Amino acid sequence: MALVSASLLAADFGCLKEEIKSVEKAGCDWLHLDVMDGHFVPNLSFGVPVIKSIRPISDMPFDTHLMVQNPDEMLPWFAEAGSDIITVHLEACQDVIATLSKIRTLGKKAGLSLRPQTPISGLEPLLDKLDLILLMTVNPGFGGQSFMPDQLQKISDVRAMIGARKIYLEVDGGINPQTAKLCCDAGADVLVAGSAVFKANNYSEALAALKK
Ligand code: DX5
Ligand code: ZN
């Protein structure tokens, strides 16, 4: 069964702690933390102080998605703040092998994300350096966008590329119970969901619907 990583971006920021406790109690697997710098994506979200302050209230693995240009310098900050998985964008790194190695040296799982337009060929030489591949199924930057069905073939292709390796295949953007099924059928095993969880009235039902 797929894991759900709830994207905090869609939560009520006026009561983050309550939101996180509710979603965890409802059976959420991971918490997805979308960090945006206003350069790599045309939006700003939150950063290290927020992650640090929510870390003590949750046991969920923190799945940090860095949508920032040149993330290298910031990696130790996000590691210290309590991230368990740190995902960077292939398009944002100058020396991606060095960046991924740095994440593992910090004792964290290393993830690599691709925008919808980025071909998967760049992943092949990096497979041994990766714990997670994050395929964007919308253009990164905003929650609440529609799923791009033309990404399904890419999900199958990456699943085939991963083969027997122990690498999570995560999808992010426009995931709801219908698109979740399509992604899982194509080979995804971690579903990021913002709106489909935090905009629902009942988080347990929302999570169950995604996992079904
Ligand atoms: C978009 C973010 C997503 C976003 C998903 O750039 O990476 O994680 O929060 O939101 P929904 O599930 O609403 O599409
Ligand atoms: Zn994300």
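Worth saying up front: this structure is predicted, and the values here are computed from it rather than measured. All residue numbers in this chain count up from 1 along the given sequence.
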Q: Heavy atoms only: give me the nearest I155-A188 pair and the separation to one decimal.
A: CG2-N, 3.8 Å

Q | Backbone of R115 reached by a side-chain donor or acceptor of E91 within 3.5 Å | A | yes

Q) What residue pairs, at least two apart or across chains, pass salt bridge (Lys or Arg N to Asp or Glu O under 4.0 Å) with a residue in residues 44-59? A) R55-D84

Q: Using side-chain contact (heavy atoms from CB on, under 4.5 Å) as the criterion, list what pairs up with S101, not counting sequence neighbours.
A: I97, K129

**Q.** With L90, the side-chain contact (heavy atoms from CB on, under 4.5 Å) member among L112, I133, L100
**A.** L112

(Q) Taking side-chain contact (heavy atoms from CB on, under 4.5 Å) as the definition, give me every residue that meets it alongside A11, ordered by chain and number, with sequence neighbours left out. (A) L8, L16, E19, F198

Q.
Checking I20 against M60 for the side-chain contact (heavy atoms from CB on, under 4.5 Å) test, could you report, in this order, the C-alpha distance in whole Å, the side-chain angles of both residues, the deciding distance, and whether it holds?
A. CA-CA 9 Å; I20 294 163; M60 286 185 285; 3.9 Å; yes

Q) Which residue pairs satisfy the salt bridge (Lys or Arg N to Asp or Glu O under 4.0 Å) criterion with at least one member in residues 140-166, sequence neighbours excluded? A) D128-R165, R159-D189

Q: Could you grab the distance from atom CG of L135 to atom OG1 of T137, nearest 0.5 Å is fine?
A: 8.0 Å

Q: Quick one: pull up CD1 in I175 and SG in C183 and give me the separation to the nearest 0.5 Å.
A: 4.0 Å

Q) Backbone N or O of G173 within a donor-acceptor pair of the Q145 side chain at under 3.5 Å? A) no

Q | With F62 via ring pair (Phe, Tyr, Trp, His ring centres under 6.0 Å) - residues at least two apart | A | none

**Q.** Interatomic distance, M161 atom CE to I120 atom CD1 [nearest 0.5 angstrom]
**A.** 4.0 Å

**Q.** ring pair (Phe, Tyr, Trp, His ring centres under 6.0 Å): pairs with one or both residues in residues 162-195, sequence neighbours excluded
**A.** W30-Y168

Q) Okay, side chain of T99, backbone of C93: is any donor-acceptor separation there less than 3.5 Å? A) no

Q. For S113, which residues count as a side-chain contact (heavy atoms from CB on, under 4.5 Å) partner, sequence neighbours excluded?
A. H65, T87, H89, L134, M136

Q: Among I86, D131, I85, find the one that has a side-chain contact (heavy atoms from CB on, under 4.5 Å) with K108.
A: I86

Q. Does the side-chain contact (heavy atoms from CB on, under 4.5 Å) test come out yes or no for F78 and L33, once each step is laid out?
A. CA-CA 11 Å; F78 286 99; L33 301 165; over 6 Å; no

Q: Can you tell me which residue pairs pass the ring pair (Phe, Tyr, Trp, His ring centres under 6.0 Å) test with a partner in residues 135-164, sequence neighbours excluded?
A: none

Q | Summary of salt bridge (Lys or Arg N to Asp or Glu O under 4.0 Å) pairs that have at least one residue in residues 201-210, sequence neighbours excluded | A | none

Q. Is a donor on one side and an acceptor on the other found under 3.5 Å between the side chain of N43 and the backbone of G141?
A. yes

**Q.** For D72, all residues meeting salt bridge (Lys or Arg N to Asp or Glu O under 4.0 Å), sequence neighbours excluded
**A.** none

Q. How long is the gap from NZ on K17 to OG on S53, to the nearest 0.5 Å?
A. 5.5 Å

Q) Does some side-chain heavy atom of K109 sit less than 4.5 Å from a side-chain heavy atom of L132? A) no

(Q) Can you confirm whether E73 is buried at CD, in the sense that more than 12 heavy atoms of other residues, nucleotides or ligands lie under 6.0 Å from that atom? (A) no

Q) If you measure only the distance, is there a donor-acceptor pair under 3.5 Å linking the side chains of D34 and S45? A) no

Q) Hey, does E170 have a side-chain heavy atom less than 4.5 Å from the side chain of D63? A) yes

Q | Partners meeting side-chain contact (heavy atoms from CB on, under 4.5 Å) with A200 (sequence neighbours left out) | A | A206

Q | Pair L114-V158, side-chain contact (heavy atoms from CB on, under 4.5 Å): steps then yes or no | A | CA-CA 11 Å; L114 302 185; V158 172; 5.6 Å; no

Q) Roughly how far, to the nearest 0.5 Å, is the NZ atom of K199 from the CG atom of D12? A) 8.0 Å

Q.
Using 0.5 Å steps for rounding, measure from the OG1 atom of T64 to the CE atom of M67.
A. 10.0 Å

(Q) Which heavy atom of V138 sits nearest to which heavy atom of S146, and what is that distance? (A) CG1-O, 3.4 Å

Q.
So, using salt bridge (Lys or Arg N to Asp or Glu O under 4.0 Å) as the criterion, who are the partners of K21 when residues are at least two apart?
A. none

